[in-house]
> 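This is the structure, below, for whatever I ask next.
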Amino acid sequence: MKPPFPLLAASLATVLLALAVPAAAQNAGQIASVRAGANCPRCNLFQADLSGLTLRGRNLAGARLRQADLSLAVMNRASFAGADLRDVNFYGGVFGGASFAGANLTNATLVGAYLEGANFRGATLTGVNLSGAEMDRAAGLTQAQLNRACGDGSTQLPRGLSVPACR
């Protein structure tokens with residue numbers, strides 16, 4: 001016997017199947033590898049907890065780190081070039097000389113982060129909180145990028161640049 005609404009039945013079956021199979025939101029093996037100190041360009045590190053780790057010079061270019069926790073991490077000279085860094089928590093981290101070139105940092109928190117010598121050329125900074133960030137020697141920053149971010153009186157920026165106050 002045919003269901004009275006075949007399209008509805010097929011749609012319902014697809015939804016139920018999607019609910020029964022867990023989404024591959026992150027790759028636990030890749031996260032463990034990075035936590036152990038490996039490079040992992042273009043990896044899926046969604047919601048990874050890398051807080052407090054020392055991972056200097058790691059290559060995470062093009063990786064998906066959306067909603068990851070990198071608070072208090074030490075990642076000097078790391079490459080996040082072209083990475084998905086939306087909603088990442090960089091609170092108090094040390095990222096001197098790191099490359100964020102072409103990365104999407106939308107709504108990231110860089111409060112109190114050390115970013116001296118970091119490269120932000122072509123990075124998306126929409127909604128980024130730079131309060132207290134040390135980045136007066138950062139490279140590739142433009143006023144147009146900073147106009148989409150926010151900071152406070154203790155945000156240190158390259159000469160001639162400013163950032164709107166966070167509300």
Side-chain angles (χ1 to χ4, degrees), residues 26-28 30-166:
Q26 62 183 208
N27 185 314
Q30 290 175 341
I31 292 171
S33 179
V34 170
R35 287 183 60 79
N39 291 313
C40 204
R42 294 175 299 285
C43 285
N44 185 1
L45 307 173
F46 177 70
Q47 295 181 334
D49 182 0
L50 304 177
S51 60
L53 297 179
T54 298
L55 298 168
R56 291 183 181 96
R58 293 297 148 245
N59 181 2
L60 301 175
R64 180 180 185 233
L65 285 126
R66 187 170 186 184
Q67 298 176 3
D69 186 358
L70 277 67
S71 60
L72 304 175
V74 177
M75 298 183 79
N76 293 319
R77 297 176 313 284
S79 177
F80 300 98
D84 180 355
L85 303 172
R86 292 175 291 167
D87 306 303
V88 171
N89 181 7
F90 292 98
Y91 173 81
V94 179
F95 302 93
S99 176
F100 297 96
N104 185 349
L105 288 114
T106 299
N107 297 325
T109 299
L110 289 156
V111 174
Y114 179 84
L115 300 155
E116 295 296 346
N119 179 3
F120 288 93
R121 186 162 280 107
T124 301
L125 301 180
T126 304
V128 172
N129 187 336
L130 299 169
S131 296
E134 291 182 50
M135 52 194 311
D136 55 324
R137 287 182 286 138
L141 278 174
T142 67
Q143 190 60 55
Q145 286 171 304
L146 292 171
N147 287 343
R148 293 177 179 89
C150 73
D152 65 8
S154 63
T155 304
Q156 298 174 25
L157 296 170
R159 182 182 303 272
L161 297 177
S162 62
V163 65
C166 295

> Taking only residues two or more places apart in sequence or in another chain, which ones pass side-chain hydrogen bond (donor to acceptor under 3.5 Å, both in side chains) with S33?
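Counting only residues at least two positions away or on another chain, S33 forms no side-chain hydrogen bond (donor to acceptor under 3.5 Å, both in side chains).
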> Please tabulate, for side-chain N and O atoms in residues 140-150, each donor-acceptor pair with protein atoms closer than 3.5 Å (sequence neighbours left out).
residue	atom	partner	partner atom	Å
T142	OG1	Q145	N	3.1
T142	OG1	Q145	OE1	3.4
Q143	OE1	S162	N	3.0
Q143	NE2	N147	OD1	2.8
Q143	NE2	S162	O	2.7
Q145	OE1	T142	N	2.7
Q145	NE2	F120	O	2.9
Q145	NE2	A123	O	2.8
N147	ND2	Q143	O	3.3
R148	NH1	A144	O	2.8

> Say you draw a straight line from CD of Q47 to CG of L65; how long is it, rounded to the nearest 0.5 Å?
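The CD atom of Q47 sits 11.5 Å away from the CG atom of L65.
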> Just to verify, what does R42 make a side-chain contact (heavy atoms from CB on, under 4.5 Å) with, not counting sequence neighbours?
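Residues passing side-chain contact (heavy atoms from CB on, under 4.5 Å) with R42: none at all.
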> Measuring from atom CD1 of I31 to atom SG of C43, what distance do you get when rounded to the nearest 0.5 angstrom?
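Result: 9.5 Å between the selected atoms.
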> I need the minimum non-hydrogen distance between L45 and A68, along with the two atoms involved.
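Distance-wise, the nearest heavy atoms are O-CB, 4.2 Å.
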> Sequence neighbours excluded and cut-off under 3.5 Å, please list the side-chain donor-acceptor pairs for residues 102-111, or say none.
residue	atom	partner	partner atom	Å
N104	OD1	T106	N	3.0
N104	OD1	T106	OG1	2.6

> Please collect all ring-ring contact (aromatic ring centres under 6.0 Å, His included) contacts where either partner lies in residues 39-60, sequence neighbours excluded, each pair once.
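Not a single pair qualifies under ring-ring contact (aromatic ring centres under 6.0 Å, His included).
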> Using modelled atom types and a 3.5 Å cut-off, is there a donor and acceptor pairing between side-chain atoms of E116 and backbone atoms of R137?
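A pair under 3.5 Å: yes.
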> Using every non-hydrogen atom in the two residues, find where A138 and P158 come nearest and quote the distance to one decimal.
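Scanning both residues, the minimum pair turns out to be O-CG, 3.7 Å.
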> Hey, could you give me the CG/CG distance between L53 and L70, rounded to the nearest 0.5 Å?
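Rounded to the nearest 0.5 Å, the CG-CG separation comes out at 8.5 Å.
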> Evaluate the ring planes of F80 and F100, with Trp represented by its six-membered ring, and classify them as parallel (under 30°), tilted (30 to 60°) or perpendicular (over 60°).
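Plane angle under 30°, so parallel.
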> Atom CD of Q67 and atom CD of Q26: how far apart are they, to the nearest 0.5 Å?
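Between Q67 CD and Q26 CD, I get 10.5 Å after rounding to 0.5 Å.
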> Applying side-chain contact (heavy atoms from CB on, under 4.5 Å), name anything that partners D69, two or more places apart in sequence or on another chain.
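If we apply the side-chain contact (heavy atoms from CB on, under 4.5 Å) test to D69, skipping adjacent residues, the hits are D49, S51, S71, N89.
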> For R64 and N44, work out which heavy atoms get closest and say how close.
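Distance-wise, the nearest heavy atoms are NH1-OD1, 3.4 Å.
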> Taking all heavy atoms of C40 and all of A63, pick out the closest pair and write down the distance.
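Distance-wise, the nearest heavy atoms are O-CB, 4.0 Å.
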> Once rounded to the nearest 0.5 Å, what's the spacing between atom CG of L50 and atom CE of M75?
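Here the interatomic distance stands at 6.0 Å.
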> Please round to the nearest 0.5 Å and tell me the distance separating atom CG of L60 and atom CG of L85.
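One finds 9.0 Å between CG of L60 and CG of L85.
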> Does the side chain to side chain contact (heavy atoms under 4.5 Å, CB included) test come out yes or no for M135 and L157, once each step is laid out?
CA-CA 5 Å; M135 52 194 311; L157 296 170; 3.8 Å; yes
> Counting only N and O atoms by type, is there a donor-acceptor contact under 3.5 Å from the side chain of R58 to the main-chain atoms of A38?
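Here the side-chain-to-backbone pair does not exist.
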